[in-house]
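As the structure is a prediction and not an experimental result, all values here were calculated from the model. As a basis for the values below, the full set of heavy atoms in this structure was taken, side chains included, without hydrogen atoms, waters or symmetry mates.
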Amino acid sequence: MATAARETRLPPPPLPLATLIGRELRAGGSERPALRYGHAGFAKRGEDYFLVKPDCLRVPGDPSSSFSVFAVFDGHNGVSAAVYSKEHLLEHVMSALPPDIGRDDWLQALPRALVAGFVKADIDFQRKGEVSGTTATLVVIHGFTVTVASVGDSRCILDTQGGELQLLTVDHRLEENAEERERVTASGGEVGRLNLFGGQEVGPLRCWPGGLCLSRSIGDMDVGEFIVPIPHVKQVKLSNAGGRLIIASDGIWDALSNEAAAKACRGLPAELAAKLVVKQALKTSGLKDDTTCVVVDIIPSDHLTSPQLSPKKNQNKLKSLFRRRSHSSVGKLGGKSASFGSVEELFEEGSAMLEERLGRNLSLKAASPPFRCAICQVDQEPFEGLMTDNGGDYCSSPYVPWGGPHLCLECRKKKDAMEGKRSSRSTACR
């Protein structure tokens, strides 16, 4: 009898992934997952910042519309750009989303809003006249849908059921990204190493003027405008098996590979996991740069609510989400979703051309007013010298028509400058 009683208290075996996905499809959706998160870091220059906002609302006053935002900002040449981005980038992104739309339309509009928000943040910060810049990796989690936008070389990886590892960002380092080198030189920049007296070249590839190693950032007023704030954006949907996100600055990734970072913290709670990733990076390379890590676990609700699972058993079950195997995916999906095990890729685009980034996904039910700038979200009258989406020019200007949404004059200048067509400001080497 005692043996039988003990057997009834044993937890049920973990369900296969196919069963979990089948349940989600039959139910027409899934319960909202729980999030557990932690962060850690060590400062050398004090230019890393992070953002944790787990309680955002898509519809004010409606808890069922909640979503969460996590971000890492790695500043350079001062902290101003990183601080500004932490405080205002999300606000600019949210202002670019149409009001009064449903969840699916909101998620469809989010990639475009992220592009507009990043460019708006760059324009507003440069008005301050400060020369600092920052990387930005911004992660938006709505249910099991994860959307990541990034400029620079901070990085986000996803560790999922079966140890499937995906890189959700693209590094915008000139040394490693040939496509970005070609774009910068085509736009009028020069790419080369630091040239010492005697002609000796040292260090990583940099863009001149300015000497920045990155091809995309927010801020950096003293470099050419071909260093753009247009983010790479990737959106994926997890199965209801959940997963783990590791978001970190280059102080982590210069020391650890994606696989090493994931392996360092598998099976640990998020807060301890972030500390272990930082500890492993410092153990590997020492404190050469600011090191910041944010870990977010997206946990199925049934992993938390089952009364038969003790904390220890629950941790072991969560550990099954993070087994060893690697997969990384970079490239456009051409509007089609692609599935890799427990992850369905919904959207990916990395072009630095605003016409490509803002001119797509415009079939939303709630369209913006015809003369609202797609970037700065300011309504203006058509006779104010503005470009329209049909190429009309209400003031004689040298601009040629373009097929994208409406841009005000200042944002159109920014767009042309980023594409090397003209400069909206003078640049100087530092």
[X] side-chain N/O to [Y] backbone N/O, donor-acceptor pair under 3.5 Å:
X	Y	result
R357	E349	yes
R181	E175	yes
S132	A81	yes
R112	L358	yes
E47	G78	yes
R32	S66	yes
S95	H92	yes
R216	V228	no
T160	G243	no
W253	D153	no

More than 12 heavy atoms of other groups within 6.0 Å of E176 CD = yes
request  = Count the heavy atoms of every other residue, nucleotide or ligand shown that sit under 6.0 Å from CD of E179, and state whether that count exceeds 12.
outcome  =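 No, the 6.0 Å shell around CD holds no more than 12 heavy atoms from other groups.
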Is the closest side-chain donor-acceptor distance between [X] and [Y] under 3.5 Å?
X	Y	answer
D74	S249	no
Q126	D122	yes
S80	E130	yes
S154	T137	no

Closest heavy-atom pair and its distance - [X], [Y]:
X	Y	result
A116	A96	CB-CB, 3.9 Å
G188	F226	C-CE2, 3.8 Å
S217	L212	OG-CD2, 4.1 Å
P231	V151	CA-CG1, 3.6 Å
L89	A121	CD1-CB, 3.9 Å
A273	C265	CB-CB, 3.4 Å

Should [X] and [Y] count as side-chain neighbours, where that means a heavy-atom distance under 4.5 Å?
X	Y	result
H39	V295	no
L138	F118	yes
I246	C293	yes
Y49	T134	no
C56	L90	yes
I123	C411	yes
S215	R183	yes
N77	D222	yes

key: T147 and its side-chain hydrogen bond (donor to acceptor under 3.5 Å, both in side chains) partner, picked from K234, Q235, H142   =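 It is Q235, the one option of K234, Q235, H142 that forms the side-chain hydrogen bond (donor to acceptor under 3.5 Å, both in side chains) with T147.
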ask   = Taking R155 as the fixed residue, which of T169, T135, N258, D250 is the one that meets the side-chain hydrogen bond (donor to acceptor under 3.5 Å, both in side chains) rule?
value =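 Per the side-chain hydrogen bond (donor to acceptor under 3.5 Å, both in side chains) rule, the option paired with R155 is N258, out of T169, T135, N258, D250.
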Gap between atom [atom2] of [Y] and atom [atom1] of [X] - 0.5 Å precision:
X	Y	atom1	atom2	value
E180	D171	CD	CG	11.0 Å
K44	T291	NZ	OG1	11.0 Å
I141	K53	CD1	NZ	14.5 Å
R266	R244	CZ	CZ	9.5 Å
L114	H232	CG	NE2	12.0 Å
D290	I252	CG	CD1	10.5 Å

Donor-acceptor list for residues 276-289 side chains, cut-off 3.5 Å, not counting sequence neighbours:
{"unit_1": "T284", "atom_1": "OG1", "unit_2": "Q280", "atom_2": "O", "d": "2.8"}
{"unit_1": "D289", "atom_1": "OD1", "unit_2": "R45", "atom_2": "NH1", "d": "2.9"}

ask   = Given the rule in the side chain to side chain contact (heavy atoms under 4.5 Å, CB included) test, do V93 and V69 qualify, once you have shown the distances and angles that lead to the verdict?
value = CA-CA 11 Å; V93 172; V69 176; over 6 Å; no
task = Walk me through it: do Q377 and R372 pass the test side chain to side chain contact (heavy atoms under 4.5 Å, CB included)?
result = CA-CA 6 Å; Q377 300 300 309; R372 174 171 294 172; 3.5 Å; yes
Ion pair check, K414 and E410, cut-off under 4.0 Å = no
ask   = Between D124 and R127, is there a salt bridge with N-O shorter than 4.0 Å?
value = yes
query = Of all residues at least two apart in sequence or in a different chain, which pass the ring pair (Phe, Tyr, Trp, His ring centres under 6.0 Å) check with F70?
reply = Y37
ask   = How would you list, by chain and number, every residue that makes a ring pair (Phe, Tyr, Trp, His ring centres under 6.0 Å) with F125, sequence neighbours excluded?
value =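 Listed in chain order: Y84.
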inquiry  = Assess the residue pair S150 and C156 against the criterion (side chain to side chain contact (heavy atoms under 4.5 Å, CB included)); give the C-alpha distance rounded to whole Å, side-chain angles, the decisive distance to 0.1 Å, and a yes or no.
reply    = CA-CA 9 Å; S150 62; C156 175; over 6 Å; no
inquiry  = Does V115 form a side chain to side chain contact (heavy atoms under 4.5 Å, CB included) with L354? I'd like the steps, not just the answer.
reply    = CA-CA 8 Å; V115 172; L354 271 182; 3.8 Å; yes
